[in-house]
**Student:** 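Once you've had a glance at the structure underneath, I'll fire off some questions.
Nothing here was measured: the structure is a model prediction, and the numbers come from that model.
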Amino acid sequence: VAALLDAMRATLTGDLPVLKKLFRADLSGSDAKWVLRLSPLDDRLQRQVRQIELVGVASDLRSIALQMSNGDRSLMLIDPLPPAAASAPK
């Protein structure tokens with residue numbers, strides 16, 4: 001479980017040294033639409049996760065798909081905030 005948490009934290013924060021330690025990365029697409037596939041290198045992580053796929057449009061992350069080693073799949077879709085909500089004071 002700790003390896004999976006480290007992997008998710010590194011993915012969401014963009015911690016490149018940790019990502020390089022834990023995953024083989026395959027980036028495809030263009031600046032306009034891209035896909036980053038992360039395949040675990042760590043044995044403990046491979047027992048839990050087959051692949052993490054991040055899809056983005058320009059600088060916006062739009063989805064995260066987590067393919068587990070047991071065949072389960074989790075997909076999180078991320079919609080951008082409307083312009084008024086993004087600039088509203090908190």
Side-chain angles (χ1 to χ4, degrees):
V1 174
L4 180 56
L5 291 174
D6 288 344
M8 291 306 295
R9 187 178 303 113
T11 301
L12 295 173
T13 61
D15 189 336
L16 189 57
V18 172
L19 287 174
K20 285 184 174 182
K21 177 183 171 189
L22 295 175
F23 296 101
R24 178 179 51 84
D26 177 32
L27 180 63
S28 61
S30 65
D31 288 345
K33 184 173 182 193
W34 50 269
V35 177
L36 176 61
R37 289 182 183 87
L38 300 172
S39 301
L41 297 172
D42 181 86
D43 289 338
R44 296 175 302 151
L45 195 52
Q46 284 179 352
R47 287 192 290 270
Q48 298 173 350
V49 177
R50 181 175 299 143
Q51 185 179 67
I52 300 172
E53 181 181 87
L54 298 99
V55 177
V57 175
S59 63
D60 296 329
L61 180 60
R62 300 309 282 277
S63 70
I64 301 172
L66 186 61
Q67 181 69 44
M68 305 304 287
S69 295
N70 67 2
D72 287 350
R73 185 171 188 266
S74 176
L75 175 63
M76 179 172 43
L77 300 176
I78 305 165
D79 288 329
L81 289 173
S87 62
K90 295 181 181 183

**Student:** Using the rule that two of Ile, Leu, Val, Met, Phe, Trp, Tyr join whenever any of their side-chain heavy atoms come within less than 4.5 Å, decide whether Leu12 and Leu77 are in one cluster.
**Tutor:**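 No; tracing contacts between hydrophobic side chains, which count when under 4.5 Å, never links both residues.
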
**Student:** When you measure from the side chain of Gln46 to the backbone of Pro40, do you find a donor-acceptor pair of N or O atoms at a distance under 3.5 Å?
**Tutor:** yes

**Student:** Hey, what do you get for CD (Glu53) to OG (Ser39), rounding to the nearest 0.5 Å?
**Tutor:**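 Glu53 atom CD to Ser39 atom OG measures 10.0 Å (nearest 0.5 Å).
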
**Student:** When hydrophobic residues are tied together by side-chain contacts of less than 4.5 Å, even through go-betweens, does Leu61 share a cluster with Leu75?
**Tutor:** no

**Student:** Do Met68 and Val49 make a side-chain contact, defined as non-hydrogen atoms from C-beta onward lying under 4.5 Å apart?
**Tutor:**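 When only atoms from C-beta onward are counted, Val49 and Met68 do touch, with a gap below 4.5 Å.
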
**Student:** Indicate yes or no: at least one non-hydrogen side-chain atom of Arg47 is less than 4.5 angstrom from one of Leu45.
**Tutor:** no

**Student:** To the closest 0.5 Å, what do you measure between CD (Gln48) and CG (Leu66)?
**Tutor:**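 Answer rounded to 0.5 Å: 9.5 Å.
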
**Student:** Show the nearest heavy-atom pair for residues Trp34 and Asp60, with the distance to one decimal.
**Tutor:** CZ2-O, 4.2 Å

**Student:** Take Ser28 and Arg37 through the test side-chain contact (heavy atoms from CB on, under 4.5 Å) and record every step on the way to the result.
**Tutor:** CA-CA 8 Å; Ser28 61; Arg37 289 182 183 87; 3.7 Å; yes

**Student:** Do Ser63 and Ile78 have side chains that approach each other closer than 4.5 Å (heavy atoms only, starting at C-beta)?
**Tutor:**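 In short, these two side chains do not touch, never coming nearer than 4.5 Å.
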
**Student:** So, taking the atom named CG in Leu38 and the one named CD1 in Ile64, what distance separates them when rounded to the nearest 0.5 Å?
**Tutor:** 10.0 Å

**Student:** I'd like to know whether Phe23 forms a side-chain contact (heavy atoms from CB on, under 4.5 Å) with Ile52, so could you lay out the CA-CA distance, the side-chain angles of the two residues, the decisive distance to 0.1 Å, and finally the verdict.
**Tutor:** CA-CA 9 Å; Phe23 296 101; Ile52 300 172; 3.8 Å; yes

**Student:** In terms of hydrophobic clusters joined by side-chain contacts under 4.5 Å, are Val57 and Leu54 together?
**Tutor:** no

**Student:** Rounded to the nearest 0.5 Å, what separation is found between the CG atom of Leu41 and the NZ atom of Lys21?
**Tutor:** 11.0 Å

**Student:** Give a yes or no on whether Asp31 atom CG has more than 12 heavy-atom contacts from other residues, nucleotides or ligands under 6.0 Å away.
**Tutor:** no

